[in-house]
Protein chains: 2
Amino acid sequence: MTYERGGAAETVDGVLVALADPTRRQLLDLLAAQGMATATTLAERLPVSRQAIVKHLAVLDAAGLVTGSRVGREVRYTVRPAALDAAARWMAALAADWDRRLATIKRVAEAAEPEQG
Amino acid sequence: MTYERGGAAETVDGVLVALADPTRRQLLDLLAAQGMATATTLAERLPVSRQAIVKHLAVLDAAGLVTGSRVGREVRYTVRPAALDAAARWMAALAADWDRRLATIKRVAEAAEPEQG
DNA sequence: CCGATGTGCAACTATCAGATTGCACTAAAT
DNA sequence: ATTTAGTGCAATCTGATAGTTGCACATCGG
């Protein structure tokens with residue numbers, strides 16, 4: 001299994017980078033709680049400028065975690081679960097793979113050292 | 001639901017930061033494939049210096065994703081699935097929560113605009 | 001029309017992470 | 001004992017990124 005090449009790898013990469021920042025996670029929490037919000041409203045709830053929020057939203061958008069739609073003069077952002085779900089599945093698969101490998105290694109080691117038991 | 005406070009949040013944060021870097025993901029792939037490896041041997045397989053590898057391994061170690069044990073003059077690193085699994089579950093729960101909220105919002109919106117039916 | 005509100009764009013700063021190099025120290029091997 | 005291989009520590013460089021401010025542009029309400 002190789003996780004860097006092919007298919008959903010780029011998607012996962014973007015999600016991981018996006019989620020690595022605490023401010024962006026807070027942003028996602030606020031968005032999920034309110035269902036919808038604009039950069040200006042979100043900036044009122046966080047200790048950073050509106051422009052900082054805009055940049056974070058751009059990163060989240062590029063990662064597929066949020067989407068924004070224009071309504072008149074404001075842009076309303078919403079959360080998108082799909083990319084997050086894909087990343088969660090990727091991680092779960094990776095953890096399962098590690099478990100499998102470690103189990104195999106353990107079996108081999110026990111077979112090679114029968115003096116233990 | 002708040003994801004920043006309490007319990008496994010710090011664990012998840014460390015894992016996300018650790019996995020956000022592509023070199024570290026490669027490192028984890030190599031470690032998972034070989035079962036065990038030292039910083040020196042890993043540096044031979046990646047286009048970065050041993051010291052860079054050492055720093056990455058320190059980050060991964062702090063995140064609970066790998067662990068190293070000294071054997072004579074060398075330090076052998078192994079992968080640890082637990083923290084990764086915890087992060088995967090956190091993400092899956094978050095995605096499910098978003099789905100739930102979006103479904104609720106959709107229901108409310110449909111109830112408020114019956115002229116569509 | 002005109003003021004108020006919300007966005008978008010650009011320049012700039014500063015901090016931090018990834019990476020390098022050099023050297024000292026420890027442990028194995030001959 | 002001397003050489004060789006593996007680690008650890010420290011200083012340094014560089015690029016990316018989080019954050020800021022200022023201003024121009026669009027839009028809604030009176």
Side-chain angles (χ1 to χ4, degrees), chain A residues 3-4 9-10 12-31 34-78, chain B residues 3-4 10-31 34-78 83 87:
Chain A
Y3 305 95
E4 291 307 320
E10 301 84 38
V12 170
D13 175 85
V15 172
L16 291 173
V17 170
L19 291 181
D21 184 86
T23 301
R24 280 194 286 268
R25 289 198 298 273
Q26 273 190 272
L27 223 42
L28 290 174
D29 273 352
L30 288 173
L31 270 184
Q34 305 188 6
M36 255 192 177
T38 66
T40 301
T41 341
L42 289 167
E44 291 167 4
R45 305 216 165 229
L46 290 180
V48 292
S49 69
R50 174 183 63 91
Q51 286 304 321
I53 301 288
V54 169
K55 288 185 186 179
H56 282 308
L57 286 172
V59 173
L60 291 169
D61 190 3
L65 290 170
V66 305
T67 187
S69 60
R70 181 141 220 153
V71 179
R73 70 181 161 188
E74 57 187 24
V75 180
R76 296 180 187 164
Y77 287 88
T78 315
Chain B
Y3 305 95
E4 291 307 320
E10 302 83 38
T11 301
V12 171
D13 175 85
V15 172
L16 291 173
V17 170
L19 291 181
D21 184 86
T23 302
R24 279 195 287 268
R25 288 199 299 274
Q26 273 190 272
L27 222 42
L28 290 174
D29 274 351
L30 288 173
L31 270 183
Q34 304 188 5
M36 255 193 176
T38 66
T40 302
T41 48
L42 289 167
E44 292 166 3
R45 305 217 165 227
L46 290 180
V48 292
S49 69
R50 174 184 63 91
Q51 286 302 321
I53 301 287
V54 168
K55 289 185 185 178
H56 283 308
L57 285 172
V59 174
L60 292 169
D61 190 3
L65 290 170
V66 306
T67 187
S69 60
R70 180 141 221 151
V71 179
R73 71 180 161 186
E74 57 187 24
V75 180
R76 295 178 187 168
Y77 287 88
T78 316

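The model shown is predicted, which means the values in this text are computed figures rather than measured ones. Within every chain, numbering begins at 1; the chains are lettered A, B, ... in the order of the sequence lines, protein sequences first and strands thereafter.
With hydrogens and angles disregarded, a donor-acceptor distance shorter than 3.5 Å links the side chain of B:Arg25 to the backbone of B:Leu19. A side-chain donor-acceptor contact under 3.5 Å links A:Arg24 to the backbone of A:Ala18.
Closest approach of B:Thr78 to B:Gly35, counting heavy atoms only: CG2-O, 3.3 Å. The minimum heavy-atom distance between A:Ala37 and A:Gln34, with the atom names listed, is CB-OE1, 3.6 Å.
Within the nucleic acid shown, B:Gln51 comes within 4.0 Å of at least one base atom, counting heavy atoms only. A:Arg50 comes within contact range of at least one nucleobase, with a heavy-atom separation under 4.0 Å. Using a 4.0 Å heavy-atom cutoff across all strands shown, A:Arg76 reaches no nucleic acid atom at all.
Residue-to-nucleotide proximity on DNA chain D shows that, of B:Glu74 and A:Val59, the 5′-proximal contact is made by B:Glu74. Comparing B:Pro47 and B:Arg73 by the nucleotide of DNA chain C whose heavy atom lies nearest to each, the residue mapping closer to the 5' end is B:Pro47.
For the OP1/OP2 pair of C:dA19 and a distance below 4.0 Å, the side-chain nitrogens and oxygens of B:Ser49 include no atom meeting the criterion. Of the side-chain N and O atoms in B:His56, none sit less than 4.0 angstrom from OP1 or OP2 of C:dA17. Distances shorter than 4.0 Å separate some side-chain N or O of A:Arg70 from OP1 or OP2 on C:dG8. Side-chain N/O atoms of A:Thr23 include none lying less than 4.0 angstrom from OP1 or OP2 on D:dT17.
Atom CD in B:Glu44 sits about 10 Å away from atom P in D:dT7, given to the nearest Å. Between B:Arg25 atom CZ and C:dG18 atom C1' there is a gap of 14 Å when expressed in whole angstrom units. The distance from atom CG of B:Asp61 to atom P of D:dT7 is 15 Å, rounded to the nearest whole Å. Residue B:Leu46 contributes atom CG, which lies 16 Å from atom C1' of C:dT20 at whole-angstrom precision. As a whole-Å value, the separation of A:Leu42 CG from C:dG6 P is 13 Å. What separates CG of B:Leu27 from C1' of C:dA19 is a distance of 14 Å, to the nearest Å. Separating the CG atom of A:Leu57 from the P atom of C:dT7 is a distance of 10 Å, rounded to the nearest angstrom. Here D:dT17 presents its C1' atom at 14 Å from CG of A:Leu60, a figure rounded to the nearest Å.
Interatomic distance, B:Leu28 CG to B:Leu60 CG, rounded to the nearest 0.5 Å: 4.5 Å.
Distance from the side chain of B:Lys55 is smallest to C:dT20 among C:dG18, D:dT20, C:dT20. Distance from the side chain of B:Thr40 is smallest to D:dG6 among D:dG6, D:dT21, C:dT7.
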